[in-house]
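What follows is a single structure, and I will ask about it in a moment.
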Amino acid sequence: MTRRQLDKAYDPKAVEDRWSQEWLARGYFHASPEQPGQPYCIVIPPPNVTGSLHVGHALNHSLQDILIRWRRMQGRNTLWLPGTDHAGIATQNVVEKQLMTEGLSRESLRRKRFVERVWQWKATSGGTIVNQQKQLGESCDWDRLRFTMDEGLSKAVLEVFVRLYEDGLIYRGERLINWCPRCLTALSDIEVEHEEVTGKLYHIRYPLVDDPNTSLIVATTRPETMLGDTAVAVHPDDPRYRHLIGKKVRLPLTTREIPILGDSILVDLEFGTGAVKITPAHDFNDFEAGERHKLPIISILTARAEMDGIGLREAQADASLNLVLKPVQKARAIVVEALAERGYLVKTEDHKMAIGKCYRCKTVIEPYLSPQWFVKIKPLAEPAIKVVEDRRIRIVPESWVNNYLGWMRDIKDWCISRQIWWGHQIPVWYCTNCNQEHILKTGHAVGATAEHGMLPDIAKWNFTIAQEAKPIVARTKPARCPVCHSQELLRDPDVLDTWFSSALWPFSTLGWPDQTPELKTYYPTSTLVTGLDILFFWVARMIMMGLKFMGDVPFKDVYIHALVRDAEGQKMSKSKGNVIDPLHVMEQFGTDALRFTLASMASPGRDIKLAEERIEGYRNFANKIWNAARFSLMYLDGPRTALPPMQRTFPDRWILSRLNQTIHAVTTELESYRFDRAATVLYQFIWREYCDWYLELIKPVLQTPEHPDGASTRHTLLETLETTMRLLHPFMPFITEEIWQTIPHQGDSIVVQNYPAANDAWDAPDAERYFMLLEQTVGLVRTGRVLLNYPPGQQIPFHVGHDDPDRQNQLHQLQRHLAHLSRGTAEVSPSHDWQAARLLRLVTEGLSVGIAVADDVDLKKAIDRLAKQITDTDKEFQRVEGKLKNAEFVSKAPPDVITEHQERVQTLSRDRALLADSERQLRAMLAV
RNA sequence: GGGCGGAUAGCUCAGUUGGAAGAGCGCUGCCCUUACAAGGCAGAGGUCACAGGUUCAAUCCCUGUUCCGCCUACCA
């Protein structure tokens with residue numbers, strides 16, 4: 001039995017690569033429906049396939065790996081299913097940027113070659129994040145790696161689209177939607193980020209047609225859109241204006257006249273001037289008002305948010321303004337200037353407002369009128385609300401439940417079409433014959449993204465498919481039009497929102513729509529771990545789709561963790577340069593240190609402020625563990641005997657009892673997703689109890705050859721170390737495996753060992769009581785040693801005693817340990833028997849320690865300390881006694897509380913007397 | 001505008017059936033004591049944001065205020 005000696009310090013690099021490869025080679029993470037055990041499944045929130053691991057992933061994945069490794073060790077049939085997301089807009093943007101550096105564009109490549117190009121990019125960069133995940137030690141079943149655009153997942157997407165359409169839950173409609181003028185695509189409501197800015201509110205005078213000397217003054221934040229106004233609204237109850245309803249105003253900078261109408265929904269009497277311009281094409285509220293009053297819609301912006309020539313003609317705008325193809329900002333300046341010059345601008349004031357920005361590229365979004373595909377969401381949302389209300393899905397922390405419910409109850413239809421090329425193309429075709437009038441050749445519209453390569457001959461131009469066109473929705477391309485049998489079918493050029501496919505993730509990855517064994521075994525999955533930023537994007541939609549297509553919830557628990565910020569609490573971003581790169585950190589401090597740090601900081605309801613010093617601290621923790629193992633290995637040679645716990649030595653019984661408490665606590669905390677508390681408990685046990693006390697307590701036995709307790713102690717040492725490694729393994733997989741492999745063990749890998757289960761036979765409350773007395777006593781002696789400036793190595797004689805005879809007796813039994821840990825010779829005797837001269841006496845809670853004072857010792861520190869403690873004791877005495885003197889306290893507080901207070905008062909007063917006595921003695925010595 | 005969360009040691013944070021304030025890091029002092037200086041031992045440091053209320057008793061429960069976050073919303 002030759003055992004490898006461990007290096008003096010833990011070197012993560014030497015360990016991590018080796019084990020992550022070995023684990024994969026041995027297939028420990030591969031799951032199978034045939035395996036025994038209750039299934040436990042997590043699907044990973046798929047990161048962007050072309051992304052790389054950032055610290056947010058590191059947190060998210062570390063927590064999942066902790067759960068997965070824990071459940072695997074508990075014997076569950078565990079599947080952690082990894083994968084990546086095609087991230088339509090984001091990925092397309094990345095590739096377009098690449099093309100730009102080559103002087104190319106997606107339009108120049110055309111759709112087919114562009115999409116090929118994106119696949120190439122995916123092929124070269126797609127492995128990056130997966131390899132980084134493996135580096136983090138993630139115990140995913142990599143054989144089941146999925147990608148949202150895989151064949152199987154794409155099949156699921158088509159199936160869902162067609163079935164939702166057949167159920168009347170998908171429709172196409174021309175609506176005002178959120179449009180990103182840079183990405184040139186529609187966005188859903190939640191893909192718009194709102195940002196508070198101080199803008200300007202412009203007051204503009206619109207003269208009455210009948211009476212040009214009278215004007216209506218409207219207020220707007222977007223003066224350039226006034227060219228597209230088709231009415232002005234006032235409140236029907238507004239005495240200032242109501243007589244004007246039905247009259248007309250002349251729209252400045254145009255030759256048009258527009259009506260004044262009354263609208264109590266749009267107009268707020270209190271705000272601005274009380275008159276509102278209505279621009280149905282460029283404002284959501286105005287659009288609705290336009291529908292109410294059947295107003296014409298004049299769109300004056302292009303898809304790129306430039307002033308549109310056709311629109312301006314329709315608006316009869318003054319051509320001399322030269323606005324065509326001017327971007328919005330520039331157009332605004334021109335319009336404002338023209339209004340001012342011509343006397344229409346009344347005033348301009350600062351105004352706080354929120355502007356919407358594209359969540360992918362931060363460009364200001366525009367409301368844009370175009371035909372789009374929508375999911376009718378209410379029928380899907382209702383059951384998704386119910387399952388959370390009924391707690392069939394548990395959201396942790398629970399404070400997010402209301403947030404979820406509030407959003408779901410107020411949910412709007414989901415715009416799912418995107419005018420980009422990278423993604424799942426919508427499975428809809430149009431017969432070009434039947435829809436001749438509805439497929440419009442145009443250079444000006446939303447559908448302009450379709451182009452030659454992918455389309456039938458007939459469609460070799462840019463086009464718009466009007467709302468009236470009749471779609472043929474099918475899983476595969478229909479051979480011919482069912483009405484006219486034409487074979488000239490044009491596929492809808494749009495692709496689906498990426499989140500449409502990720503909404504299916506918990507079942508599409510398991511094989512749906514096929515009824516696979518995986519699907520039957522692992523659905524519903526157990527836990528979803530995610531950041532709150534995608535609660536609505538992803539979690540809510542998975543719940544809706546899971547209920548709709550699987551008839552059951554997609555997961556039972558949703559654990560929502562916080563965002564990782566920098567040490568100052570700032571959001572990390574590349575532009576701020578405050579990004580902590582997890583790979584760099586892993587290189588520097590070790591993967592286990594990073595994982596443990598993230599786990600220990602994952603307190604619910606709080607963002608994580610991550611500073612490198614924290615990670616360094618847990619690097620030190622890893623080193624501490626390493627050295628504890630090293631120590632153990634040095635002394636493990638020799639026979640080992642397993643005695644029943646009751647027959648073991650006091651230190652052994654104590655540490656087993658503590659270990660059992662720790663196992664219990666870690667398990668309970670993990671069950672309630674308190675990773676932070678589980679980590680703290682482990683840290684405290686290993687460092688503060690196991691290393692600081694247990695290993696010190698057993699040194700005399702281990703270092704004495706042929707010690708009668710040797711064999712049993714060595715057994716306990718190994719047993720507790722091995723158990724602790726298993727307990728810690730989900731948090732720090734690498735170092736625990738390395739140590740476990742080095743110490744005597746049975747089995748191939750710690751990965752597949754049992755997780756420690758609480759064992760009540762290990763509980764030893766008596767040993768724990770003894771220990772507390774021991775700790776208190778040793779602490780007092782050490783304090784006295786410092787006060788008297790005795791060096792740590794110097795052996796000192798000291799007395800110990802206790803007011804309580806039971807405790808006094810316990811001190812007798814602990815005498816050997818007291819002497820060893822205090823480095824001296826301990827004499828246990830009642831404190832009143834001690835010779836008072838030349839003795840520093842320290843007292844706390846009835847426990848007295850007396851240390852001989854040498855001739856040349858400076859007593860000032862000791863006297864100060866005694867004085868301070870006396871003062872503190874007095875304060876506490878008065879406080880407690882004050883309560884006892886309060887008649888109401890004595891009559892109303894529970895008896896045990898009163899008794900406890902009475903005992904405390906007595907102890908305090910006795911302590912005080914002894915302390916004061918000691919102080920007098922020392923002062924007397926000083927005076928000599 | 002609405003909703004939610006937070007305010008506890010210098011910093012980051014724990015702290016549930018209300019009953020003597022905790023950890024880590026940092027700081028101070030002493031130690032290279034044969035597992036570990038990435039360490040050991042000891043120590044300093046807190047009217048628990050503010051003001052009321054309930055209670056014998058409040059960091060904890062209630063109300064209000066202030067200051068930070070976040071989510072959400074069409075106030076032109």
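Lettering of chains follows the sequences in order, A, B, ..., and the numbering in each one begins at 1.
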What are the two closest non-hydrogen atoms of Ala629(A) and Leu721(A), and how far apart are they?
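What the structure gives for the nearest pair is CA-CD2, 4.1 Å.
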Any strand: nucleotide that pairs with U33(B) via Watson-Crick or wobble, under 3.5 Å
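Checking every strand shown, U33(B) finds no partner, since no pair has both distances under 3.5 Å.
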C1' gap between U16(B) and U59(B), integer Å:
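These two C1' atoms come out 12 Å apart once rounded.
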Mapping Glu696(A) and Leu532(A) to their closest nucleotides on RNA chain B, which lands nearer the 5' end?
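With Glu696(A) and Leu532(A) compared, the 5'-side residue is Glu696(A).
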Under 4.0 Å between any heavy atoms, over every strand shown, what does Arg782(A) touch: base, sugar-phosphate, or nothing? Just pick one.
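Answer is sugar-phosphate: Arg782(A) comes under 4.0 Å of backbone atoms only.
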Checking base pairs now: Watson-Crick or wobble, both atom distances under 3.5 Å. What partners C4(B)?
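Check on C4(B): paired to G69(B), both distances under 3.5 Å.
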Pair assignment for G52(B), Watson-Crick or G-U wobble, requiring both distances under 3.5 Å:
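Looking at the geometry, G52(B) pairs with C62(B).
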Given the ring of Trp687(A), does Arg658(A) sit roughly above its face, with NZ or CZ under 6.0 Å from the centre of the six-membered ring and within 45° of the axis?
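Checked: cation-pi criterion not met.
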Does G10(B) have a Watson-Crick or wobble mate here (both distances under 3.5 Å), and if so which one?
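Looking at the geometry, G10(B) pairs with C25(B).
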Looking at the base of A14(B), is there any donor atom on it, or on the side chain of Arg677(A), that sits under 3.5 Å from an acceptor on the other one?
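Such a pair does not exist between side chain and base.
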Does G15(B) have OP1 or OP2 sitting under 4.0 Å from an N or O in the side chain of Arg674(A)?
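Yes.
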Picking from C36(B), C13(B), A38(B), which would you name as closest to the side chain of Ala9(A)?
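For Ala9(A), the side-chain atoms sit closest to A38(B).
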Return the nearest nucleotide to the side chain of Lys868(A); candidates are U12(B), C56(B), A44(B).
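In terms of side-chain proximity for Lys868(A), the closest of U12(B), C56(B), A44(B) is A44(B).
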